[in-house]
Amino acid sequence: MASTPAVAQQAASAPNVSYIHAGRLLADPATGRVAQNQTLVIENGRVREIVDGFVGQGDVVDLSDKFVLPGLIDSHVHITNQQGEGNRVARFTNTAADSAVQGAAYALVTLQAGFTTVADLGGASDAVIALRNGIAAGKIPGPRLLVSAGTVTPHGGHGDANGVNSALVPVLRQNGVCSGADDCRRSVRERVRAGADIIKITATGGVLSDTGAGLNQQFSNEELQAIVETAHFMGRTVTAHAHGTDGINSFLRAGGDSIEHGTFLDDESIRIFKANNGWLVPTLLAGDFVAREAARPETFFTPNQRKKSLEAGPQMLDMARRAHRAGVQIAFGTDTGVSPHGENAKEFALLVQAGLTPLEAVRAATVGAATHFRLQDEIGRLTPGYAADVIAVSGDPLSDVTTLEHVKYVMKGGVTYRND
């Protein structure tokens with residue numbers, strides 16, 4: 001018998017409730033409290049309540065032998081590409097549609113690795129915005145995606161079309177390239193118009209740009225001030241790719257919100273970070289990867305890339321150690337796409353090597369990253385009203401953080417995407 005419209009409407013509006021039985025539950029990493037034998041009640045994609053004991057019937061997920069915690073957040077990925085043999089050729093052959101399709105594959109791998117929210121910093125706007133919107137609409141499985149919709153970069157700087165025939169520069173150059181304060185204001189506004197959630201700039205040279213321009217400051221102070229002011233006027237935070245000390249400090253003095261990499265930060269950098277309540281995203285996995293790749297005799301890096309990788313990569317653990325010891329706020333971020341997608345959780349062990357405790361590393365990938373993105377009332381915890389982003393592992397990540405490299409269960413927004 002067919003349902004009447006009234007019955008169909010009633011069924012559609014009925015709460016969608018499920019129950020997760022958690023043997024051990026770290027609901028709020030900010031507290032560090034681990035409770036045993038808890039039930040997460042999930043309703044319409046959000047946490048409704050947490051109940052002592054195992055309750056509920058019907059749609060029950062049995063994780064009674066698992067350690068359960070909030071979905072992880074990676075503050076820096078490149079979701080539409082990955083370094084490797086043939087990567088340079090792909091710049092000439094791939095369309096935005098190709099990049100979006102490839103990004104969909106990487107998004108699924110990332111989600112199944114336990115990362116329920118990531119930020120793409122620098123992907124071509126058409127590809128990453130289509131991917132972001134497709135995921136949000138439920139058409140594509142993937143993590144919640146924040147995007148910078150390209151990069152604001154100086155002419156000839158990291159992010160420009162370097163290492164190609166000059167006749168191809170107009171074809172390969174993104175429209176975030178700018179020179180002069182007014183032109184850089186335009187570039188920021190164009191990123192917002194394109195749909196950026198966050199503004200990403202290249203304040204210094206970069207390791208993987210095929211140019212010999214070094215790793216120091218590449219925007220003028222006036223340009224940096226114009227960029228930050230314009231981003232804030234338009235309701236966006238602004239983060240800077242920055243390796244060299246001069247670029248890090250100039251960007252922070254201009255009021256920038258966060259630094260990606262931070263390789264050669266100094267005591268003054270740390271002072272400004274703390275004075276401005278800024279965030280460091282250390283991307284230790286990228287530093288580890290490029291140092292190892294550059295050391296291979298058969299590396300696919302160009303000579304420029306190899307030189308800068310050997311210069312910067314080995315410095316990053318000590319940088320993070322000094323920043324953490326001084327009390328700088330750290331948000332988890334990997335620069336994945338430099339390293340392979342799906343291996344994001346390898347960053348945790350590197351953070352612990354840099355002096356963070358396993359709990360501090362987990363905080364960086366949950367409550368810390370959520371606050372960094374101003375989503376602290378939405379994600380990063382499993383408390384009533386928050387998104388039902390849930391992962392589970394065997395073992396105890398607070399004793400052995402590498403456990404997070406082997407996620408067994410993933411839920412994002414109340415939908416299960418992995419259940420081994």
Out of the candidates Lys412, Arg144, Arg46, only one should pair with Asp389 under the salt bridge (charged side-chain N to carboxylate O under 4.0 Å, His left out) rule; please name it.
Arg144

Main-chain N/O of Met234 paired with Arg236 side-chain donor or acceptor, under 3.5 Å
yes

Decide yes or no on side chain to side chain donor-acceptor pair (under 3.5 Å) for Thr239 and Ser258, but give the supporting numbers first.
CA-CA 5 Å; Thr239 194; Ser258 54; 2.6 Å; yes

So, are Asp288 and Arg292 salt-bridged, with charged N and O less than 4.0 Å apart?
yes

For the residue pair His243 and His261, does the interplanar ring angle fall in the parallel (under 30°), tilted (30 to 60°) or perpendicular (over 60°) class?
parallel

Please check if the side chain of Asp396 supplies one atom and the backbone of Leu398 the other of a donor-acceptor pair under 3.5 Å.
yes

Is Thr403 close to Phe348 at the side-chain level, that is, under 4.5 Å between some pair of heavy atoms?
no

Flag for Thr245-Asp266: side-chain donor and acceptor within less than 3.5 Å
no

Side chains of Thr204 and Asn216 only: does a donor on one sit below 3.5 Å from an acceptor on the other?
no

Using a strict threshold of under 4.0 Å (side-chain N to carboxylate O), is an ion pair present between Arg186 and Asp182?
no

Is the closest basic N to carboxylate O distance between Asp28 and Arg381 below 4.0 Å?
yes

So, Arg185 and Glu190, do they make that salt bridge, N to O below 4.0 Å?
no

Determine whether a donor-acceptor pair (N or O, by modelled atom type, separation under 3.5 Å) exists between the side chain of Asn344 and the backbone of Thr110.
no

Presence of salt bridge, Arg322 and Asp267, under 4.0 angstrom:
no

Of the non-hydrogen atoms in Leu404 and Pro397, which two are nearest, and what is the gap between them?
CG-CB, 3.8 Å

